[in-house]
Amino acid sequence: MRIIVKETAREASKHIADAIIGTVKAKPDAVLGLATGSSPLEIYSMLKTDHQNRKTDYRKVRTFNLDEYLGMNPHDPHSYRHYMEKNLFNALNIRDENTHLPDDAYKEDPAAYDERIEAEGGIDLQLLGIGLNGHIGFNEPGVKAGTLTHVTRLEESTRKANARFFESPDEVPTHAITMGIQTILSSRRIFLIATGKKKASIIRDVVDNGVNNAIPATFLKTHPDVSLILDKDAASML
Ligand code: GLP
């Protein structure tokens, strides 16, 4: 696992935005694995600016998001589909049918999402954030190593952390569909972004501990091409 520490969150975001743009330029039909949450927002804004100014072409790009809340209407402003449209897809020339999220269509057979990813050639670059309990996607502590895309119950702490996006904590869904650990590890290249003091202790735990399912992000240590991109605050306990 490579650890890269940047002075600011903006520089950390720029590092990953450049990697994504480089991937799309080198392979116009690249398959991107995308994430939601606060951490990717600046990256997405850089991709939009780059597309406007330098016309990076997304016509053939395919995307697969990590996760989606279960039972969520895609038009609901709290859905990850809505987040992706608003924060990225709307401003790119990407085709609707090339953007995928593990939504309710995959509820009965979540592993069909893995089959779809494989059918598109596999993920070239996967972007990840990290939850305060070490989750990646919605792979909560206790998750098994070999998991494919699956329905998961969210930890109370995760629901609390995500309550800031809802009007009240009770509105946060109890379940989600998420890529599994195996799905994520099947990507060719992985970038995890963590910024801010709040992430410092979980980043220390990931770096200091061996692979174990109490801290799902430690599974990344079994992958040959993972970069943790941190700002100084997130790296402050290393
Ligand atoms: C959510 C998402 C994760 C994300 C994490 C961290 O629960 N399911 O994919 O990485 O939270 O979010 P943030 O970037 O807002 O700290």
Side-chain angles (χ1 to χ4, degrees), residues 6 9-10 12-13 15-17 20 32-46 63-72 76-84 86-88 100-103 106 110 113 123 125-143 147 149-166 169 171-181 183-185 187 190-206 215-220 226-231 233-235:
K6 297 286 185 182
R10 190 172 171 78
S13 299
H15 183 94
I16 299 181
I20 295 174
L32 303 176
L34 300 177
T36 52
S38 312
S39 308
L41 285 173
E42 199 155 20
I43 299 173
Y44 294 156
S45 136
M46 289 172 178
T63 66
F64 287 89
N65 265 78
L66 280 168
D67 44 22
E68 177 59 286
Y69 290 117
L70 189 70
M72 184 66 87
D76 188 310
H78 301 105
S79 73
Y80 286 166
R81 163 61 70 182
H82 179 86
Y83 168 106
M84 290 309 300
K86 176 172 149 218
N87 294 305
L88 185 65
H100 307 272
L101 283 92
D103 55 23
Y106 291 93
Y113 197 61
I123 292 173
L125 185 157
Q126 175 68 54
L127 170 61
L128 297 176
I130 184 168
L132 294 172
N133 62 1
H135 72 221
I136 47 177
F138 272 132
N139 290 280
E140 297 281 36
V143 67
T147 45
T149 303
H150 60 283
V151 173
T152 183
R153 169 179 266 284
L154 302 182
E155 281 209 342
E156 278 317 300
S157 65
T158 298
R159 294 186 64 230
K160 234 168 127 187
N162 287 0
R164 66 189 194 280
F165 297 113
F166 292 79
E171 284 178 30
V172 184
T174 55
H175 291 76
I177 306 183
T178 180
M179 282 188 192
I181 295 296
T183 321
I184 293 170
L185 293 177
S187 315
I190 300 175
F191 286 89
L192 184 148
I193 181 161
T195 58
K197 278 241 148 57
K198 253 169 65 182
K199 297 282 165 82
S201 73
I202 189 62
I203 289 298
R204 178 202 53 205
D205 293 348
V206 171
I215 310 171
T218 58
F219 283 119
L220 297 174
V226 174
S227 302
L228 294 193
I229 313 297
L230 313 173
D231 70 351
D233 285 343

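Starting from 1, each residue takes its place in the sequence as its number. Note that ligands are numbered from 1 as they come in the structure, with each ligand's atoms numbered from 1 the same way.
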Looking at side-chain heavy atoms only, is the closest gap between H150 and T178 below 4.5 Å? yes
Give the atom numbers and elements of ligand 1 that come within less than 4.0 Å of a heavy atom of N162. 1 (C), 7 (O)
Is there a donor-acceptor pair under 3.5 Å between the side chain of Y113 and the backbone N or O of H100? yes
protein heavy-atom neighbour closest to atom 14 (O) of ligand 1 works out as S39 OG, 2.5 Å
Ignoring hydrogens and geometry, is there a side-chain-to-backbone donor-acceptor pair from N87 to S45 under 3.5 Å? no
If you scan protein heavy atoms around atom 12 (O) of ligand 1, the nearest is G37 CA, 4.1 Å
Work out which heavy atom in S79 is nearest to a heavy atom in E68; give both atom names and the distance. CB-OE2, 3.7 Å
Does G137 come within less than 4.0 Å of ligand 1, judged by its heavy atoms? yes
Nearest to atom 16 (O) of ligand 1, what protein heavy atom do you find, and at what distance? K199 NZ, 2.6 Å
Protein residue, atom and distance nearest to atom 11 (O) of ligand 1, heavy-atom basis: H135 NE2, 3.6 Å
Backbone N/O of P141 and side chain of E155: donor-acceptor pair under 3.5 Å: no
Answer with yes or no whether R164 contacts ligand 1, where contact means a heavy atom under 4.0 Å from a ligand atom. yes
Backbone or side chain, does any N or O of T158 fall under 3.5 Å from an N or O of ligand 1? no
Quick test: of every protein heavy atom, which one is nearest to atom 6 (C) of ligand 1, and how far off is it to 0.1 Å? I130 O, 3.4 Å
With atoms numbered from 1 as shown, which atoms in ligand 1 lie under 4.0 angstrom from a non-hydrogen atom of F138? 7 (O), 8 (N)
Answer with yes or no whether the side chains of Y69 and N162 bring together a donor and an acceptor at under 3.5 Å. yes
Any I202 side-chain heavy atom under 4.5 Å of I215 side chain: yes
By number and element, which atoms of ligand 1 are closer than 4.0 Å to a non-hydrogen atom of G129? 10 (O)
Can you list everything that forms a ring pair (Phe, Tyr, Trp, His ring centres under 6.0 Å) with F219? Sequence neighbours excluded, please. none
Hey, does T36 come in under 3.5 Å of ligand 1, counting only N/O atoms on both sides? no
So for A35 against ligand 1, with non-hydrogen atoms under 4.0 Å, the contacting part is neither
Between T158 and E140, does any side-chain donor sit less than 3.5 Å from a side-chain acceptor? yes
Identity and separation of the nearest protein heavy atom to atom 8 (N) of ligand 1: D67 OD2, 2.8 Å
